[in-house]
Structures are given as C-alpha cells and as structure tokens.
*Asks:* 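Here it is, the structure, as structure tokens.
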Amino acid sequence: MAQEMLLNIVRTSLRRKSTDLDQLELVPLIEAAKADLSAAGVERINDYDPMVQAAVMLYVRWMIERDTQMRSVYERVKNGMALNGNYRA
C-alpha cells in the first residue's frame, strides 16, 4: 500500500497518467532512491514521511529528466536527512 502511494506521488510529479512503465522504470528507480538514501546514512525510510517522499521524487526526476538542478536539490535533501537524528535508528 505504501509503495503504491509513493508510486502515485512520483508518477504525478512526472505528470504521467499511464501506468505502463511503472514496474519497468519507476519502481526500480524508487528502490534505487531508497538504497541511495540508506547508503548515505538515512536509516529510517518510511514511505509515509514527507521528506522521504520528496527525496524519492527528486531522485526519480533527476534520473529520468537528467536535470542537474534536481540532482543538486536531491543531494541537499539527502545530506540533510543523513545528518538529522530523526532518520537514524
């Protein structure tokens, strides 16, 4: 259920209505975003958390659109989360 909600948020941010590429493209990128957050030290990744949602959305948009501004914002959000005690176990 949480995964579906996150998928809908990402799809909406990309302005996509079709679900044709969800399993092939979006779901793997969502999982990659979570793995990247984890590698940076974010230990608590909750799909319902607005910061996690924002970080995942930024990561996916960066990967699909190859937008360097999205990368920069994603990196700042990721680093902030990694330093924040609320995201550590």
Side-chain angles (χ1 to χ4, degrees):
M1 189 66 170
Q3 170 110 4
E4 188 65 31
M5 180 205 51
L6 194 52
L7 183 58
N8 286 331
I9 289 169
V10 169
R11 192 181 316 108
T12 300
S13 77
L14 294 169
R15 295 180 174 88
R16 287 188 181 183
K17 293 182 181 179
S18 173
T19 60
D20 293 345
L21 295 176
D22 285 3
Q23 296 304 314
L24 182 66
E25 183 176 34
L26 297 183
V27 170
L29 286 174
I30 289 169
E31 293 305 314
K34 291 179 184 180
D36 191 57
L37 289 171
S38 180
V42 179
E43 297 168 348
R44 293 184 181 178
I45 301 174
N46 178 345
D47 290 354
Y48 294 104
D49 184 309
M51 287 301 291
V52 171
Q53 293 170 357
V56 168
M57 178 189 67
L58 289 165
Y59 180 90
V60 172
R61 287 189 63 191
W62 162 40
M63 286 292 149
I64 289 177
E65 298 173 2
R66 296 295 180 198
D67 184 339
T68 56
Q69 184 177 6
M70 288 294 161
R71 178 183 182 183
S72 176
V73 175
Y74 167 73
E75 293 289 341
R76 283 184 281 185
V77 169
K78 176 180 75 170
N79 292 336
M81 291 173 71
L83 294 173
N84 187 324
N86 292 334
Y87 295 100
R88 295 195 183 147

*Asks:* Provide the closest heavy-atom pair for Lys34 versus Ile45 in the form atom of the first, atom of the second, distance.
*Replies:*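 Closest approach of Lys34 to Ile45, heavy atoms only: O-CD1, 3.4 Å.
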*Asks:* If we only count heavy atoms from C-beta on, is the Val56 to Ile9 side-chain gap below 4.5 Å?
*Replies:*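 No. Closest side-chain heavy atoms not under 4.5 Å.
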*Asks:* I'd like to know if the side chain of Asn79 and the backbone of Glu75 have a donor-acceptor N/O pair within less than 3.5 Å.
*Replies:*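 Yes: the side chain of Asn79 pairs with the backbone of Glu75.
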*Asks:* What distance separates Arg61 CZ from Met70 CE, expressed to the nearest 0.5 Å?
*Replies:*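 So the CZ of Arg61 and the CE of Met70 are separated by 3.5 Å.
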*Asks:* Check salt bridge (Lys or Arg N to Asp or Glu O under 4.0 Å) between Glu43 and all other residues, then give those that pass, not counting sequence neighbours.
*Replies:*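 For Glu43, no residue satisfies salt bridge (Lys or Arg N to Asp or Glu O under 4.0 Å) once neighbours in sequence are set aside.
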*Asks:* Find the distance between CE (Met57) and CG (Leu29) and round it off to the nearest 0.5 Å.
*Replies:*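 Answer rounded to 0.5 Å: 14.0 Å.
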*Asks:* Applying side chain to side chain donor-acceptor pair (under 3.5 Å), which residue pairs with at least one partner in residues 2-17 are found, sequence neighbours left out?
*Replies:*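 Non-adjacent pairs meeting side chain to side chain donor-acceptor pair (under 3.5 Å): Asn8-Arg11, Arg11-Asp22, Arg16-Glu25.
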*Asks:* Taking only residues at least two apart or on different chains, which pairs with a member in residues 7-56 satisfy ring-ring contact (aromatic ring centres under 6.0 Å, His included)?
*Replies:*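 Output for this query is empty, none listed.
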*Asks:* Taking all heavy atoms of Val42 and all of Lys78, pick out the closest pair and write down the distance.
*Replies:*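 In this case the closest contact between Val42 and Lys78 is CG2-O, 4.2 Å.
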*Asks:* Report yes if the side chains of Arg44 and Asn86 come closer than 4.5 Å at any heavy-atom pair, otherwise no.
*Replies:*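 Arg44 vs Asn86: side chains apart.
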*Asks:* Looking at every heavy atom in both Arg88 and Ala82, which two are closest together, and how far apart are they?
*Replies:*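 That would be NH2-O, 2.9 Å.
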*Asks:* Can you give me the closest heavy-atom contact between Leu14 and Leu26, atom names plus distance?
*Replies:*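 Smallest heavy-atom distance, with atoms named: CD1-CD2, 3.6 Å.
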*Asks:* Set out, in order, the CA-CA distance, both residues' side-chain angles and the distance that settles side-chain contact (heavy atoms from CB on, under 4.5 Å) for Tyr87 and Asp49, then state yes or no.
*Replies:* CA-CA 10 Å; Tyr87 295 100; Asp49 184 309; 3.1 Å; yes
*Asks:* If every non-hydrogen atom of Ala32 is compared with every non-hydrogen atom of Tyr59, which pair is closest and at what distance?
*Replies:*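 Looking at all heavy atoms of both residues, the shortest contact is CB-OH, 3.7 Å.
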*Asks:* Do you know the tightest heavy-atom contact between Asp67 and Trp62?
*Replies:*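 Of all heavy-atom pairs spanning Asp67 and Trp62, the closest is O-CD1, 3.6 Å.
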*Asks:* Take atom CD of Glu31 as the centre, draw a 6.0 Å sphere, and report whether it contains more than 12 heavy atoms from other residues, nucleotides or ligands.
*Replies:*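 Correct, the count exceeds 12.
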